[in-house]
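Let me give you the structure first, and then I'll get to my questions.
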Amino acid sequence: MSGILVLRALGLGDLLVAVPALRGLRRAFPDERITLAAPEPLRELVPLLDAVDDLVPVPGLGALKAPEERPTLLVNLHGSGPESLADLAAVAGEAPVMSHAHADFPQYRGPQWTEELPERERWCRLLSYYGIDADPGELRIGRPAESSPVPGAVVVHPGAAFPARRWPAKRFSTVARELAAAGHRVVITGSAAERELAREVAAGAGLGEGAVFAGRTGLRALTALIADAALVVCGDTGVAHLASACGTASVLLFGPTAPARWGPPEQERHIVLWAGTTGDPFADRPDPGLLKIEVPDVLSATRLALGGERDG
């Protein structure tokens, strides 16, 4: 593996917030092969990024293996801890490493980590330290060649990586039911592991099994569905970032993490609902601040996003 190796061994949303930095790298090194070290399921998105040539599967930290041919440059877009730098140091040899500074690796000089930066801006600033220009707003990805199975649908995505970020299923059901009653085609998405949750939301909304797309779509098919949707309604998830990357209108329910760091970069097509409080994003129950967002708040936002007027 010659060329540039970029470590980002995280999930869908984490990859999408790093797209502006990847684009900056591509412009700075147009003739170099750029390989992304990331989980295998993200391979389906690589052709849509217009920034990466290949993906080497890495399920998480500690799994990066030394390639047969050393990279000429390594870039740490993973995080601030010593684990990611240890992974890169183990395969770098004498090649330079671009990363935030860490006391455990004084041989790698870089900027200090600033916790509260928006994620897209964080990685662009890292590259700027090394003289590489990157635009945090350059986040759009290409459209898949596949067509959406339900063009113009409203996508309701009730899942999230941790219970703290999951708005209650009954509330999602009420929103989905009201949207369907207003004449919209509503579909429920999610991973295979979230299929029962999606079924619960669909059943509570009075929607048939045909509305449940959880576990039925790969990442490219999900991207096609989101790209051609009228609206996405979800929490702080990878699908929220996918809506931004596709330019699809969204209503986003934030909590316990503030949207300033992980929210969309502009509000023209995205309505962010947040109670203004933060909490433990890894808690085993819905965040109290997230629960302060009520069904009428979400329905009002969906009407506005779909071209109506906000209630009140």
Quiz item: Arg143 side chain to Ala224 main-chain N or O, any donor-acceptor pair under 3.5 Å?
Solution: no
Exercise. To the nearest 0.5 angstrom, please state how far the CZ atom of Arg23 sits from the CG atom of Leu25.
Key: 12.0 Å
Quiz prompt | Minimum heavy-atom distance His270-Ala249, with the two atoms named | solution = ND1-C, 4.4 Å
Quiz item: Going from CG on Leu16 to CZ on Arg8, what distance comes out if it is rounded to the nearest 0.5 angstrom?
Solution: 10.0 Å
Practice problem: With rounding to the nearest 0.5 Å, note down the distance linking CG in Asp50 to CD in Glu138. | Solution: 8.5 Å
Self-check item: pair Arg122-Ser80: side-chain heavy atoms closer than 4.5 Å
Solution: no
Quiz item: Do the side chains of Leu22 and Leu77 get nearer than 4.5 Å, heavy atoms only?
Solution: yes
Exercise. Could you tell me whether the side chain of Leu49 reaches within less than 4.5 Å of the side chain of Leu15, counting heavy atoms only?
Key: yes
Exercise. Give a yes or no on whether a salt bridge exists between Arg199 and Glu209, defined as a side-chain N under 4.0 angstrom from a carboxylate O.
Key: yes
Quiz item: Can you hop from Leu10 to Trp262 via hydrophobic side chains spaced under 4.5 Å?
Solution: no
Practice problem: Report yes if the side chains of Thr223 and Leu242 come closer than 4.5 Å at any heavy-atom pair, otherwise no. | Solution: yes
Exercise. Check Ile293 against Leu273 and note the closest heavy-atom contact, atom names and distance.
Key: CD1-O, 3.4 Å
Quiz prompt | Under 3.5 Å donor-acceptor, Ser300 side chain and Asp297 backbone | solution = no
Quiz item: Between Ser128 and Cys124, is there a donor-acceptor pair closer than 3.5 Å when you use the side chain of the first and the backbone of the second?
Solution: no
Quiz prompt | Heavy-atom pair of closest approach, residues Ala9 and His78 | solution = N-ND1, 3.2 Å
Quiz item: Taking 4.0 angstrom as the limit, do Asp54 and Arg33 come out as a salt bridge?
Solution: yes
Quiz item: What's the verdict on side-chain contact (heavy atoms from CB on, under 4.5 Å) for Leu42 and Val46, showing C-alpha distance, side-chain angles and the deciding distance?
Solution: CA-CA 7 Å; Leu42 297 178; Val46 165; over 6 Å; no
Practice problem: Start with the C-alpha distance between Leu12 and Leu45, add both sets of side-chain angles, then the distance that settles side-chain contact (heavy atoms from CB on, under 4.5 Å), and finish with yes or no. | Solution: CA-CA 9 Å; Leu12 172 61; Leu45 280 190; 3.5 Å; yes
Exercise. Would you give the length of the straight line joining atom CZ of Arg177 to atom CG of Leu299, rounded to the nearest 0.5 angstrom?
Key: 9.5 Å
Quiz item: Would you say Asp104 and Leu85 make side-chain contact, with heavy atoms under 4.5 Å?
Solution: no
Practice problem: Find out whether Asp133 and Arg27 are in side-chain contact, i.e. whether some heavy atom of one side chain is under 4.5 Å from a heavy atom of the other. | Solution: no
Practice problem: Just do the side-chain contact (heavy atoms from CB on, under 4.5 Å) check on Leu306 and His184 with the steps written out, would you? | Solution: CA-CA 10 Å; Leu306 288 165; His184 300 286; 3.5 Å; yes
Exercise. Decide yes or no for Leu252 and Pro259: does some side-chain heavy atom of the first lie under 4.5 Å from some side-chain heavy atom of the second?
Key: no
Exercise. Please round to the nearest 0.5 Å and tell me the distance separating atom NZ of Lys292 and atom CG of Asp287.
Key: 9.0 Å
Quiz item: Is there a path of hydrophobic side-chain contacts, each under 4.5 Å between heavy atoms of I, L, V, M, F, W or Y residues, that connects Val212 with Ile226?
Solution: no
Quiz prompt | Side-chain touch Val298/Val233, heavy atoms, less than 4.5 angstrom | solution = yes
Quiz item: Does the ring center of Trp167 lie less than 6.0 Å from the ring center of His157?
Solution: no
Practice problem: Quick one: closest heavy-atom pair of Ala176 and Ile188, and the distance? | Solution: CB-CD1, 4.4 Å
Quiz item: Is it the case that one hydrophobic cluster holds both Val154 and Val295, taking links as side-chain heavy atoms less than 4.5 Å apart, direct or via other members?
Solution: yes
Quiz item: So if you build clusters from Ile, Leu, Val, Met, Phe, Trp, Tyr with side-chain heavy-atom gaps below 4.5 Å, do Val232 and Phe213 land together?
Solution: yes
Practice problem: Using a strict 4.0 Å threshold on nitrogen-to-oxygen distance, state whether Glu116 and Arg261 make a salt bridge. | Solution: no
Exercise. For the pair Tyr130 (side chain) and Ser99 (backbone), establish whether a donor and an acceptor sit closer than 3.5 Å, ignoring hydrogens and angles.
Key: yes
Quiz prompt | Thr217 OG1 to Arg220 CZ distance, which is reported to the nearest 0.5 Å | solution = 13.0 Å
Quiz prompt | Co-membership, hydrophobic cluster, residues Ile141 and Leu139, 4.5 Å side-chain | solution = no
Quiz item: Between Ala164 and Pro256, what is the shortest heavy-atom contact and its length?
Solution: O-CD, 3.6 Å
Quiz item: Between Arg165 and Thr257, is there a donor-acceptor pair closer than 3.5 Å when you use the side chain of the first and the backbone of the second?
Solution: no
Self-check item: Test: Arg26 and Asp53 ion pair at under 4.0 Å
Solution: yes
Exercise. Apply the ring-ring contact (aromatic ring centres under 6.0 Å, His included) test between His100 and each candidate in Tyr108, Trp123, Phe105; give the one that qualifies.
Key: Trp123
Practice problem: Please answer whether the main-chain N or O of Val17 pairs with a side-chain N or O of Arg120 as donor and acceptor at a distance below 3.5 Å. | Solution: no
Distance-only donor-acceptor pairs under 3.5 Å for side chains of residues 275-285, two or more places apart:
| unit_1 | atom_1 | unit_2 | atom_2 | d |
| --- | --- | --- | --- | --- |
| Asp280 | OD1 | Phe282 | N | 2.9 |

Self-check item: Backbone of Ser191 reached by a side-chain donor or acceptor of Glu194 within 3.5 Å
Solution: yes
Exercise. Step by step, work out the side-chain contact (heavy atoms from CB on, under 4.5 Å) result for Leu126 and Asn76.
Key: CA-CA 9 Å; Leu126 172 65; Asn76 185 0; 5.6 Å; no
Quiz item: If every non-hydrogen atom of Ala180 is compared with every non-hydrogen atom of Leu207, which pair is closest and at what distance?
Solution: CB-CD2, 4.0 Å
